Structure formats: structure tokens, C-alpha cells
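Please read all numbers here as calculations on a predicted model, not as lab measurements.
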Amino acid sequence: MPPQTWENDGTNRDGDTAKGQDSRYPDERTPLVLLPSGHSTDRSSSENLAYLEASARTALDGNDAELGRNTKQESTDSKMKYWSAQRRFSSEHDAPGYSGASHHQQKRTFGTNKVFAVCLSFVTISLAALFVLWKEGILMRKEDQANDADYLKCREPFSRLDPVRDLGMANFQRPEASRPSLALQKNSKSGAIPTNAWYQNFLMLEDDQEPTEFHRAYTVPYVFDAAGPIAGLRIHNNHISSTQNVMQLNVNTPNGITMGAMHRTSGPSSHVNKAYTIQEMTQLAVTLRWEDFGLTAPIVKGMPYGTMMYDSLELVTQDGILAPAIATEVPVSEKVIVDKNKILTCNNESRNSTWVDKEIQFVTPASDFTWLVFVSERVQISCQNYGATTVFLAETSTNRLAEEVKPFFFRTALLKPCTSGGNPVYCHQEQLHPTALIPGQGEYGKLLRSHAHLYPGSKATVSYMVDENETNAALIFDWDVQAMSAPLYPPLPNETVKDIIVYALPHHLDMMPTVRSPSDDLYCAASLIGPSCLIEGSKGQWRLVEELPKISFRADTNPPDWSIPAIAQSLQTDIKYRLPNFFQRGAGDTYFSGKMIAKAGRILLIWEELHNICKGSTLETTPVQCLNATLPSKHDISNAIESLRSSVEIWINGHAETPFVYDAAWGGVASCGCLFDDGKCTNKFPDCPAFSNPGLNFGNAWYNDMHFHYGYHIFGAAVVSHFDPQWGRDFFEKVLLLV
């Protein structure tokens, strides 16, 4: 689709001409509307807001499917309602198994959720500022109606302009030491690579680097890395430890198990290259690929299993035949249970094998964990110890024709974190939900077995929808459900087809009132961001509905009448607030300059609100206190707007002493960085120290804290656009560079 062309039709929303109006004063201006060429103003604002809310996300088609209910689920439903009843801590103190200690830990964990909420609020500030840009006539874009009559489908990106070629931004090549790997750059389809994803540490593997335990992702409830004894994906259980001041998540790396590949004629080798490449990235998933071993692993948020897909059951290489393998780093119990009724013996003396139809179950006594490993077809599995390492190897299958090539799967899940009660770290972990069971209790094993054939795919993603009344938004989590081998897992008599199961966090459950547990009991695992509870999806999708707040520069209520004279008096001084000279030249950091810009903008909005109260009301509705209030003059307001305008503009027009530059390696926008001394920057572009010093400007060029650094600047730009819509039109695309 070609880029949009923009034009001003010269009318406001009411159809009146706007020419000749002074746009600096809210009571004397008429806002202009910027429209795509050939479009009129008779469209609903919700259709345009949909694009604002959705950004470049692609919304999903189809209607909302409400989850079914039956009488057996009533007890589970009542447990789910725990989340929407303000946690009911006080009323649950007498519940069985509930203790004061768990109560305190719950409060700490929900406090951690507040951190998430604060971070989300900074993002909301930026979106709110963009909304104001639209509201003041800066943004209107072409849109499509979704098939769903209640929601709008959003497909347009905010902009199609190139930051360097079209907007004149300086192109900067950051030092090689902090660039993404060549493989990651090659696999990036859009040119922009995530810089703050939940799986970010996986993306930091450098070219020719061996994966370490720090190249990991925390999916809830597991931690994954690629640093096991064989090439492949290592899965860890975790535990939370806390003191009065610290709460942290820990893993004991030797207790993990690895799904990978190994040569059939040799044991685990330290000389094997375990490096992976990134095959695909979405909001919910990152997919790793080990090309030399024919391995692919989709790592998805909330999955109760680890998944490894093999190109084939065997891969012939110059060093021998590679076969699917499961490896532990601590010995397993000698007797391994196969298909719930057979025994496979593991020892150091020989390689023993047996045919496996669906699963193997084994215990690692050192950790006291019980693991379940599921196979996608009937296969012969051998077991052998190599010192402390135990390896299960897929040998051959009866379901394949000669030399047939088709995928094979291992799926692994922790069945019991506390098998015999021998590990106090895991056996005495406090439950963060007062009524739920923990993994391993009740019928948890039955749930894992009945849903093991379904896994979330590499294209699991999030899309957004906004209803036509702008009152609700829906976040659509599409799990891209795949089946590894459905014929092995047919539904039982009188049983419906199983849906995918995923762990959900408290705020997910709050936004899905019809969600249900896959059983009569609720199963929850601990995490740093709240109890994560197992739920059954709605045909592979979640629809999280959020009520949208009213977005405005003003609160719903006016300040108390008695405060008006005092506010007006303060405004006489505050309206003269100016940024320091060096910030007005674009020298210094983006954080404190942004805070000062936001302060100057807020002062103008306070003036506008008082101005509207005291000057814009009728004689009958004007508070009597306005008679004692003297507001700043138009001259003072004009100067304040001009000062804010120039202070915002210097940072985005390319003339700052420390300009924003385009980071070609990661596809983002960052500040060049300022070596500040005696009120000025001692460096000059292309000398950009922020790209080699992670501590400069609070790590801005390393993509740290950008959401509030830039949020302040975006807010300031929105205020300028509020008073000067033409400026907003002129600089809209450059403001978008910070979004």
C-alpha cells in the first residue's frame, strides 16, 4: 500500500472555516482536522482511534467464543472469582492450609504487580499524548471495518516514512560490540529488532558464542536456556526466595533437563557447538533453531510444557547419526516408568531400551523432581548413564516407512516439584493463591497427559481491537495452536476434544470473566509477578477485555472553587518557568530535559483549565472566587507557548547538540549522548558516546527507560499541538519517531 498523502480541508469538526483563527488560545481557536486525500470528516472518531490503539498490530477475524460451563465447574468458577473480589485476604485467613506467612508473601507479590502497572502507565501516557495529537486534528488515517460488528480491525502502521531517507534523521552505525548478531539481523523481517522483549536475553547471543545460562527466558512457570549438556533447549523449575527487602526468582541449573540431539554412537560431548539462531519472534513467542541438528523450539509465554520439534527421527551427518535425546545433569532413579505400566532400567553398565507409545516418567532424586516426557509417535527409547548425566535416546520407530522424513516431537513437563518431600526448597514453597493446588497435586498429571498433544506455535501473537464506542478494548492472544500427533491422543468416550492449556497471571484472569480451569480444581504456580494459574483456552484464543479510560488533558472535575485564587497566584510565577539554556539547545540528557518539558506543558494546561472556568463560563456559572483571581496575560501565555514549542522542537528537528539518531543495527531511535561539561556537550555527532557507554543518559542508547524518557517529550509535543495544531501537523512524523 502506498504512503498516505495528507491535506487540510480548511474546516473544523463542525464544518466552519478555520482560516484566520489564532490557534494559540483555546477559547479563540478552531481545531483543524487533517484528512487523507479524498476523505471527508463524516467518519466516527472511534474508527480513527482504532488505528491509534492498535498501531501496527493485525487484528484477528471471528467472533468472541464464550467458554462453556457445566455444574461440575461451579466450584472452579468460584475460585476464579477470587481475583475479582480484591483478593479477599482477610476472609481467607481461616481457609485450610492458609497461613499468615503466605498472606505476607501474597502482599509482596501483588506489590510486584503494581510495578507492572506503573510501567504500563508510562506506556499509557504516551498513547494518551498521541490521542491528543489525533484529537487536536493531527491524526486521521484510513481504516477498515472488521467482520465483527462490535470491534474495529486495525491494520495500518502509524507511519510508512523512513526515518533517514524521508525524515532526514542521522544514520548511526553503533559499535560492533553492542550490535545484534548477524544471524539475528538476517532473520529480522521488519528491520526493527526487539530491545526489551521478555526473551531479550536469548537475542543477546553473539556470533560464534556458546550459549550460557544467562541466555534465557522466563516463560512462567519455567525458565529456559540453551546451556545444557547437549545441544538443545534446557527447561528449569524455579523457586522464589525472599527476605524483608528482596524477592527473587532462583533456579538450580543442574536440576534442569535438556531436549536436544546427540550422536547415537557417543555420549554428550563438550566439543559440540550448541549455538542457536532466532527463527521467529512475536509478542508471545520466540522460536530457536539449531540448524546443524535439525531442531526447532517454540518458546511461548505460559506454556506448561517445553516443546522440541525434530526435522526427522534421525539426521545423518559426517560425524554419525544424530537422534532426538533427553539429557539430565543429575542421575535419574534406576527405574523409569514407561506408559504408566512398564519399567525401563537406567544404569552405568549398559544401554537399555524399550518401546514407548506415549510417555516416560522419571525422578531425579537430587532435585526430588518428577518429569513427564511425551513422544509424538511410537518409538524405541534407550537409557544410559554417562557419569552424572543420564540420556534418553530415540532409536527407531514402527510408524515410519523406510527413509521417511517427517517431524518428531518431544514435549516435557514437570509433573511433581516435590516427589518424596526431600527437598525443602521446593517442598515448602508458599502457595500464593489461598485456594489453589500446586503442580503435582490432585489430578495435575491427568491434565498434562490429556492436553500434551497440543502446543502453542511459533506464530503465537497479540492483536488489539477497540469497540466502535471507544469504551472497551480487547486484547486477543492467539496461541497458534498446533498438534504434534493427534491420532495418538484421541478423545475418550463421552469426552469433548481438549483445548490448549496455558498458565495465566492475575491481571489476565481479571480481564477474562468467563475463563475456566481445565478441571474442578485450580492449579497455580508461583511467579515474581503473581500466582500463575492453569486455564483452558477458548478455541486457542484469549480475549482480554479492558474498559478504556477517558483520555483528556483535564480531570473529570474542576478544582475546588476555594483553590482558584491560590492557583491563579501561583500561575503568575509558574507561567514564566523556562528550561535551562543548555536544554533549550538540546544539550544534556533526555530524562531531565523531558521532565522539565512535561512540567512546562502541565503549567500551560493548568492555566487553560482556570481560564476556561473563569472566562469561558456564563455569569451564572462562574465561581465567585474567580473575581479574586488574576490570570497571566495573553502576552505571558504566548511567550510560554513559544518557549515550550522551541524546547520540544530542538530535540526532534535534528539541530540538538546531542541529536536523536537512527540506530541502523537495532532499528530504533536513541540519543547520541552528551559528554556534559560547563553547560555544553564536549562531543559532537558522529561522536556518540551513549552507544559505547551503557551508563550514559541512563542507558538510553541501550534501550533502557525509553518509555518514560520519551513519554515526557511526547507529552510536551501533544501540549504544543493542543495550542498550535499547525506545528503538530508539521512535526507529527518526527514525534512518531519517539513512539
* **Short side-chain donor-acceptor distance under 3.5 Å, Ser517 and Asp521** => no
* So, Arg174 side chain and Ala701 main chain: donor-acceptor pair closer than 3.5 Å or not? -> yes
* Is the shortest heavy-atom distance from the side chain of Asn237 to the side chain of Val251 under 4.5 Å? -> no
* Judged by atom type as modelled, is there a donor-acceptor pair below 3.5 Å linking the side chain of Glu547 to the main-chain atoms of Thr471? -> no
* **Minimum side-chain heavy-atom gap Tyr464-Ile476 below 4.5 Å** => no
* Asked: Who pairs with Thr307 by side chain to side chain donor-acceptor pair (under 3.5 Å), at least two apart in sequence or on another chain?
  -> Arg411
* Structure fact -> Rounded to the nearest 0.5 angstrom, the CD1-NE2 distance for Ile501 and His451 is 5.0 Å
* To do: Write down the atom of Gln248, the atom of Val246, and the distance for their closest heavy-atom approach.
  => OE1-CG1, 4.0 Å
* Is there a donor-acceptor contact under 3.5 Å from the side chain of His215 to the main chain of Thr212? -> yes
* **Side chains of Asp311 and Pro407 in contact at under 4.5 Å (non-hydrogen atoms)** => no
* Spacing of Thr287 atom OG1 and Ile278 atom CD1 [to the nearest 0.5 Å] -> 8.5 Å
* Asked: Can you name the residues that form a side chain to side chain donor-acceptor pair (under 3.5 Å) with Asn700, not counting sequence neighbours?
  -> Tyr710
* Asked: Passes side chain to side chain contact (heavy atoms under 4.5 Å, CB included), Ile535 versus Met512? Steps please.
  -> CA-CA 11 Å; Ile535 66 171; Met512 295 188 292; 3.8 Å; yes
* To do: Could you tell me whether a side-chain N or O of Asn250 sits under 3.5 Å from a main-chain N or O of Ile240, the two making a donor and an acceptor?
  => no
* Rounded to the nearest 0.5 Å, what's the gap from CZ on Phe409 to CD on Gln482? Could you check? => 8.0 Å
* Asked: Just by distance, with hydrogens left out, do Gln283 and Thr461 show a side-chain donor and acceptor under 3.5 Å apart?
  -> yes
* Below 4.5 Å, heavy atoms only, C-beta onward: do Phe224 and Tyr199 meet side chain to side chain? -> no
* To do: Could you give me the CA-CA distance, side-chain angles and deciding distance for Glu210 and Asn273, then say whether side chain to side chain contact (heavy atoms under 4.5 Å, CB included) is met?
  => CA-CA 7 Å; Glu210 186 83 357; Asn273 180 13; 3.8 Å; yes
Side chains of residues 294-304: which donor-acceptor partners sit under 3.5 Å, not counting sequence neighbours?
unit_1, atom_1, unit_2, atom_2, d
Thr296, OG1, Arg289, NH1, 2.7
Lys301, NZ, Tyr218, O, 3.3

* To do: Scan residues 197-208 for pairs that pass salt bridge (Lys or Arg N to Asp or Glu O under 4.0 Å), counting only residues two or more places apart or in two chains.
  => none
* Asked: Got a donor-acceptor contact below 3.5 angstrom from the Ser181 side chain to the Leu184 backbone?
  -> yes
* To do: Check whether any side-chain N or O of Asp480 sits under 3.5 Å from a backbone N or O of Lys459 as a donor-acceptor pair, and report yes or no.
  => yes
* Structure fact -> Paired with Phe410, the ring pair (Phe, Tyr, Trp, His ring centres under 6.0 Å) test is passed by just one of Tyr310, Tyr305, Trp371, Phe374, namely Tyr310
* Asked: Can you check whether Leu288 reaches Thr277 side chain to side chain, under 4.5 Å on heavy atoms?
  -> no
* Asked: salt bridge (Lys or Arg N to Asp or Glu O under 4.0 Å): which pairs involve residues 217-229, sequence neighbours left out?
  -> Asp225-Arg234
* To do: Mind listing the closest non-hydrogen atom pair of Pro324 and Ser312 along with its distance?
  => CG-O, 4.4 Å
* Asked: Do the side chain of Tyr222 and the main chain of Asn238 share a donor and acceptor less than 3.5 angstrom apart?
  -> no
* Pro439 versus Leu414: any side-chain heavy-atom pair under 4.5 Å? -> no
* To do: Decide yes or no on side chain to side chain contact (heavy atoms under 4.5 Å, CB included) for Leu528 and Met247, but give the supporting numbers first.
  => CA-CA 8 Å; Leu528 279 179; Met247 187 175 183; 4.1 Å; yes
* Shortest non-hydrogen contact from Gly540 toward Ile500 -> CA-CG2, 4.3 Å
* For His508, which residues count as a ring-ring contact (aromatic ring centres under 6.0 Å, His included) partner, sequence neighbours excluded? -> Phe477, Trp542
* Any side-chain heavy atom of Leu505 sitting closer than 4.5 Å to one from Ile529? -> yes
* side-chain hydrogen bond (donor to acceptor under 3.5 Å, both in side chains) between Tyr703 and Asp663: does it pass, once the steps are laid out? -> CA-CA 11 Å; Tyr703 298 95; Asp663 176 5; 2.8 Å; yes
* Asked: In Å and rounded to the nearest 0.5 Å, what is the CG to CD distance from Asp478 to Gln541?
  -> 4.5 Å
* Residue pair Val466 / Leu548: nearest heavy atoms and the distance that separates them -> CG1-CD1, 3.9 Å
* Identify the heavy atoms of Ala217 and Phe202 that sit nearest to each other, and give their distance. => CB-CE1, 3.4 Å
* Does a side chain donor of either Glu213 or His236 reach within less than 3.5 Å of an acceptor in the other side chain? -> no
* Output the distance between atom CG (Asn704) and atom OG1 (Thr195), rounded to the nearest 0.5 Å. => 10.0 Å
* Who passes side-chain contact (heavy atoms from CB on, under 4.5 Å) against Glu546, sequence neighbours left out? -> Met511
* Can you name the ring-ring contact (aromatic ring centres under 6.0 Å, His included) partners of Phe392, sequence neighbours left out? -> Phe362
* Structure fact -> Between Tyr276 and Asn201 the two heavy atoms that sit nearest each other are OH-O, 4.4 Å
* **Partners passing ring-ring contact (aromatic ring centres under 6.0 Å, His included) against Tyr444 (at least two apart in sequence or in another chain)** => Tyr523
* Test log, rule side chain to side chain contact (heavy atoms under 4.5 Å, CB included), inputs Glu280 and Val286 -> CA-CA 6 Å; Glu280 191 152 2; Val286 59; over 6 Å; no
* Do Pro518 and Leu534 touch side chain to side chain, with heavy atoms closer than 4.5 Å? -> yes
* Structure fact -> By ring-ring contact (aromatic ring centres under 6.0 Å, His included), Phe293 pairs with (sequence neighbours left out) none
* Short side-chain to backbone donor-acceptor contact, Lys274 and Gly228, under 3.5 Å -> yes
* Does Thr258 reach the main-chain N or O of Gly260 with its side chain, forming a donor-acceptor pair under 3.5 Å? -> no
* Structure fact -> side chain to side chain donor-acceptor pair (under 3.5 Å) filter on Thr328, not counting sequence neighbours, yields none
* Side-chain donor or acceptor of Asn252 paired with backbone N/O of Asn255 under 3.5 Å -> no
* Residue list, side chain to side chain donor-acceptor pair (under 3.5 Å) with Arg216, at least two apart or on another chain -> none
* Value rounded to 0.5 Å, distance of CD in Glu443 from OG in Ser450 -> 9.5 Å
